[in-house]
Amino acid sequence: MELFWIVLFSVFHRYVQTQGVYAPANAQIVHSGQTCVVKEDNISERIYTIREGDTLVLQCLVKGHPRPQVRWTKTAGSASDKFQETSIFNETLRIPNIQRVQGGRYYCKAENGVGVAAIKSIRVDVQYLDKPVLTVHQTVGDVRGNYYQEKTVFLRCTVNSNPPARFIWKRGNKPIEQSKDNGVDIYEPLYTQGETKVLKLKNLRPQDFANYTCQVSVRNVCDIQDSSVTFRLTNTTTPPALKLSVNETYVVDPGQDVTLSCEVTAGFPTPRVTWSRYPGSLPQRSVIQGGSLTLRSVTPADAGVYNCTAVNNVGNPARRTANLIVRTMKNLTFQITPDSNKDSESIQMGRDLKLSCHVDAQPQDKVNYTWYKNGALIYPTDSLIVLRSDPDMPPATSSLEIVDMKFRDQATYSCVANFPGSSVPELRVDVNITQSSVVPPVLSVPVGGGVVNVSEGSTTELVCLVDGKPRPPVLWSRANKDLPMPSGDWVVETRDGRLRLTNVTRDMMGAYRCQTAPYNGLNIKRRQGQVQLNVEYPPVVDPVLLDVRSQMLSTVNLRCLVLKSNPNRIASARWYRNGMLIRTPPVDPQSVPQLRFKLDTTNNGTYECRLSNGVGTSTCTFIVSAQPYNAEFYYDTPNPIRTLKNNYSYILQWTQKEPGAVDKIIGYWINVQQNRQTVLSKQITTKEPVKGVLMSYTLMDLRIPLPYEVSLTPITSYGTGNTVTRTIQYSEPYCYNDHVCGFEDIRICGFTQDRRDVFDWTRQNHLTQNPKRSVNTGPDTDRSGTKEGYYMYIETSRPRQDGDRARLLSPLYNVTAARGPTGTTRTPYCVSFYYHMNGKHMGTLNVLTRVKSIATVDSAVWSLSGHQGPEWRKADAEIYPSGPFQVVFEGIRGNGFEGDIAIDDVSVTKGKCKQKDSVDKTGLYHQ
């Protein structure tokens, strides 16, 4: 990937035209936050290791023109998981206080509308070590009949960590060695959550009663310190036991204070008692004191299952539960069921009749129903049968059956529901039973109410009239059973049959079903009706806003398309220019409104097509002009050039967006400001821009290290176009003359990975080395010997194979033809670097130059193979490039994993290499 360009020669005022538009390429993810290790895994993907709680910062460096837009996505750790979109749409992804669940594979995707998107991934491995949990379990088994018993104790230590933890057991301060103590056994159990090590004490001995420590370690990865837990084992160690002060089901009245007490009856060490609730958490008003939980003035919201747990890490925790029920009673309803055997819908003398009564209550089975006739308590008889729980009705429904109804049975019947001995108020419902007071319901939709037309955003009512004695409620639902009501409920009850809808939207359009409720009235076949809701809304048009650029004196055709509308018929279409009505012939409602005219200096401006369908008006807006589009800056420009001690020049490069859309662009107006002070403002003349062709202009005499704001505006013979602005800033070119690149910066001096190789070079120092790395190869520190210093190396462990290549590319060095040594016309350059090649499976390190011309040519300038010892060594290579070039470091894997190659302190200087006896030096190569 080309991160930066390096310029090493003077540039004069000139205009350059080369192909400038290209798709995003060479995406690379680099980290600038806190990190432990960055390495390659078995699919040639970078792994970023970070400690939990640190800040993750990933930067996606990518090139492309126009400038690509970068988006970050994530999977949970495997390619099969669904992408999780993030809110990051720029080059940097920052996650402070990263948690273990945020580990996984992160992708940066860069797009600019040209070609295929560039995608790069990195896997984030979050490292952590929790405090271990130590529990003690005991078994007693018969041995040799009944002669004696063997008591065995298991100390189980469990921890969650990444990477897997290492366990050390200690008795007192002395590590336990299984090979030296026949009374212990250390093993890993199967099917456990987290990582677990068990210390088994067989047939307890006196010396086994001691302090035991479980120490866990991840070997200081990410500077994560070891953690430990200690338990004292004595001959009084016992698991916990509990006793609960109330019954498992505890029913109380609302407003009552409730105390639940858990008494610890056994356990050493002393158990710790905790309270929890399901579902949800403990009420905010709850008070815990010792093993008691007190709830003040309980409400129905406080009901639930309360759990008391005692833990002392010996055996299993002791648990007791109490299901707290707070009495409630609401929604007392009744039903009148005529003689079902006769298929009757009315009360008739000589036939049976059933009255039913139901209340929603907690606890439902503790509700007591009492029936009255004209205020007198009903005692069951052969003609008046009371059913405490009617099997033909919903559970906990009481019924009164009137057998062979007589005139004396016409009366007012009352059903009273209560909780005996409770302070919860009783509920009562009265039903008048006579032949004239009970009439089957009639449900109807008012004339003209079958279809309700309403404008979007307004309020309306859907009406189903119901008549009858008693008059039942009306239930509303959508005719399409898959759609809920606008309130989100599936069924809405109305007392008068009127459904009120506010802020109506087009999504509410459709058929609504109304039907009589089966309660608070006759329990007979339900009456139904249907109302159609028609929501009218203004036309939906396309385009809503369109920027139209055209050449002068050319024909412009504006079209306003109706995507959907209710009603569909367009009542009127009017065109406006800059707010003034344009006289046009009447528009055919079935055709697409359009406006044609020849563009000149008098009719530039804002055009509007206002379409109305009688409900509302929508507008298509067109910004019509002959102004050229803006230029698009090219951001992959070579670095600034130092021309004098305190000055620098900068090659400003850009392409012109859609140059053929308007009249010929004759030049650009360039404006340069520093701290809001104008330092340059002038018109520059250019050749006619061509779409996708790069243009450039060199800004001279800029002061080091000041930044400048540069504005560029295209010009045609009819005026100026849109202005685009960017900031340029001076940065010292990497690897320039005496500058040595030690790879200390995350940008690695502008070096990039070659996408055409097999795997990548890795930036590393002593502190970020993988603890599990191969110990007989690769450097321990950088060339200077410091633990903090970085270097670049190739990791040759699996999955690397013999002959795999990794190439690291330098920035581009631009050179001009100049006279070199005798017999040549090329300027010499010295490539200097340190290398480390230690290992019995060592492969080859090559240095090549890649010259940029009509065709890219790679030429070898230095090569070395095989084991070279554990020291860093220096090498020089002289080159005579014929044009702009890059230096390529190529590492080739040998026949085994002990073959890591490293480089450090790279420099490219103008002139010949200095002769030194201690330096490996090749001959001269001409390209």
Side-chain angles (χ1 to χ4, degrees), residues 21 66 69 112-114 456-457 506 536-632 655-666 668-669 688-692 711-725:
V21 174
Q69 182 188 47
N112 66 352
V114 180
E456 192 169 35
R506 63 194 69 176
E536 299 178 336
Y537 53 88
V540 178
V541 297
D542 182 60
V544 176
L545 178 64
L546 182 65
D547 187 2
V548 179
R549 309 289 177 106
S550 182
Q551 297 179 3
M552 281 293 184
L553 304 180
S554 63
T555 300
V556 176
N557 187 18
L558 307 180
R559 292 165 52 89
C560 187
L561 181 65
V562 178
L563 300 179
K564 54 183 177 179
S565 173
N566 189 24
N568 290 324
R569 188 177 186 278
I570 299 302
S572 66
R574 293 185 175 89
W575 286 92
Y576 294 80
R577 181 177 67 238
N578 299 329
M580 302 296 292
L581 179 65
I582 302 174
R583 301 296 180 181
T584 59
V587 177
D588 182 357
Q590 302 302 321
S591 64
V592 176
Q594 58 181 336
L595 180 67
R596 293 172 59 90
F597 59 93
K598 184 172 291 187
L599 183 63
D600 57 38
T601 56
T602 65
N603 56 12
N604 281 258
T606 300
Y607 286 78
E608 295 176 318
C609 179
R610 302 176 187 176
L611 302 180
S612 174
N613 64 350
V615 176
T617 301
S618 300
T619 303
C620 292
T621 302
F622 305 87
I623 310 298
V624 180
S625 74
Q627 288 184 327
Y629 288 100
N630 58 278
E632 295 178 315
T655 58
Q656 177 59 45
K657 180 179 179 181
E658 302 297 339
V662 297
D663 295 283
K664 177 182 177 182
I665 295 175
I666 59 176
Y668 291 85
W669 190 268
E688 184 176 359
V690 177
K691 183 176 181 179
S711 300
L712 196 63
T713 307
I715 303 172
T716 68
S717 57
Y718 292 97
T720 59
N722 298 111
T723 299
V724 63
T725 302

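On a predicted model such as this, the values are computed, not experimentally measured, just so you know. We use all heavy atoms of the structure for the numbers below, so side chains are in, but hydrogens, waters and symmetry mates are not. Here, residue 1 is the first one in the sequence, and each next residue gets the next number.
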CG of Leu595 to CH2 of Trp575, rounded to nearest 0.5 Å, is 5.0 Å

Shortest non-hydrogen pair, Ser717 vs Ile666, comes out as N-CD1, 4.2 Å

Tell me the disulfide (SG to SG under 2.5 Å) pairs involving residues 579-613, sequence neighbours left out?
none

Minimal non-hydrogen separation, Pro714 against Asn722, with atom names:
CD-O, 3.2 Å

Residue pair Tyr668 / Pro689: nearest heavy atoms and the distance that separates them
OH-CG, 3.5 Å

Nearest 0.5 Å, what's the OG-CG distance between Ser625 and Asn603?
11.0 Å

Under the salt bridge (Lys or Arg N to Asp or Glu O under 4.0 Å) rule, what pairs show up with a residue in residues 609-630, not counting sequence neighbours?
Glu608-Arg610

Could you give all pairs that pass the disulfide (SG to SG under 2.5 Å) test and reach residues 565-604, with sequence neighbours left out?
none

Side-chain donor-acceptor pair under 3.5 Å between Thr716 and Asp663, yes or no?
no

So Ser550 and Val624, do their side chains get closer than 4.5 Å, heavy atoms only?
no

Between Val544 and Val541, which heavy-atom pair has the shortest distance, and what is it?
CG2-O, 3.8 Å

With Tyr576, which residues qualify under ring pair (Phe, Tyr, Trp, His ring centres under 6.0 Å), at least two apart?
none

Which residues pass the side chain to side chain donor-acceptor pair (under 3.5 Å) test with Asp542, not counting sequence neighbours?
none

Name all pairs fulfilling the salt bridge (Lys or Arg N to Asp or Glu O under 4.0 Å) condition that reach into residues 545-568, sequence neighbours left out, sorted by first residue then second.
Asp547-Arg549

Suppose we screen for side-chain contact (heavy atoms from CB on, under 4.5 Å). Which residues come up paired with Ala573, at least two apart in sequence or across chains?
Val587, Pro593, Leu611

Partners meeting side chain to side chain donor-acceptor pair (under 3.5 Å) with Ser711 (sequence neighbours left out):
Thr725

The reported gap from CD in Glu536 to CZ in Arg506 (rounded to nearest 0.5 angstrom) is 12.0 Å

Which pairs with one or both residues in residues 568-579 pass salt bridge (Lys or Arg N to Asp or Glu O under 4.0 Å), sequence neighbours excluded?
none

Applying side chain to side chain donor-acceptor pair (under 3.5 Å), can you list everything that pairs with Ser618, at least two apart in sequence or on another chain?
none

Member of Asn604, Val662, Val548, Leu553 meeting the side-chain contact (heavy atoms from CB on, under 4.5 Å) criterion with Leu599:
Asn604

Measure the spacing between OH of Tyr607 and CG of Leu546 and express it to the nearest 0.5 Å.
14.0 Å

Please identify each residue that fulfils disulfide (SG to SG under 2.5 Å) with Cys560, with sequence neighbours left out.
Cys620

By side chain to side chain donor-acceptor pair (under 3.5 Å) - contacts of Thr713 (at least two apart):
Thr723

Spacing of CD belonging to Gln656 relative to CG belonging to Asn630, to within rounding of 0.5 Å
7.0 Å

So Ile623 and Leu545, do their side chains get closer than 4.5 Å, heavy atoms only?
yes

If you define the side chain from C-beta out and look only at heavy atoms, does anything of Thr555 sit under 4.5 Å from Arg596?
yes

State the CD-CG distance between Glu456 and Asn566, to the nearest 0.5 angstrom.
9.5 Å

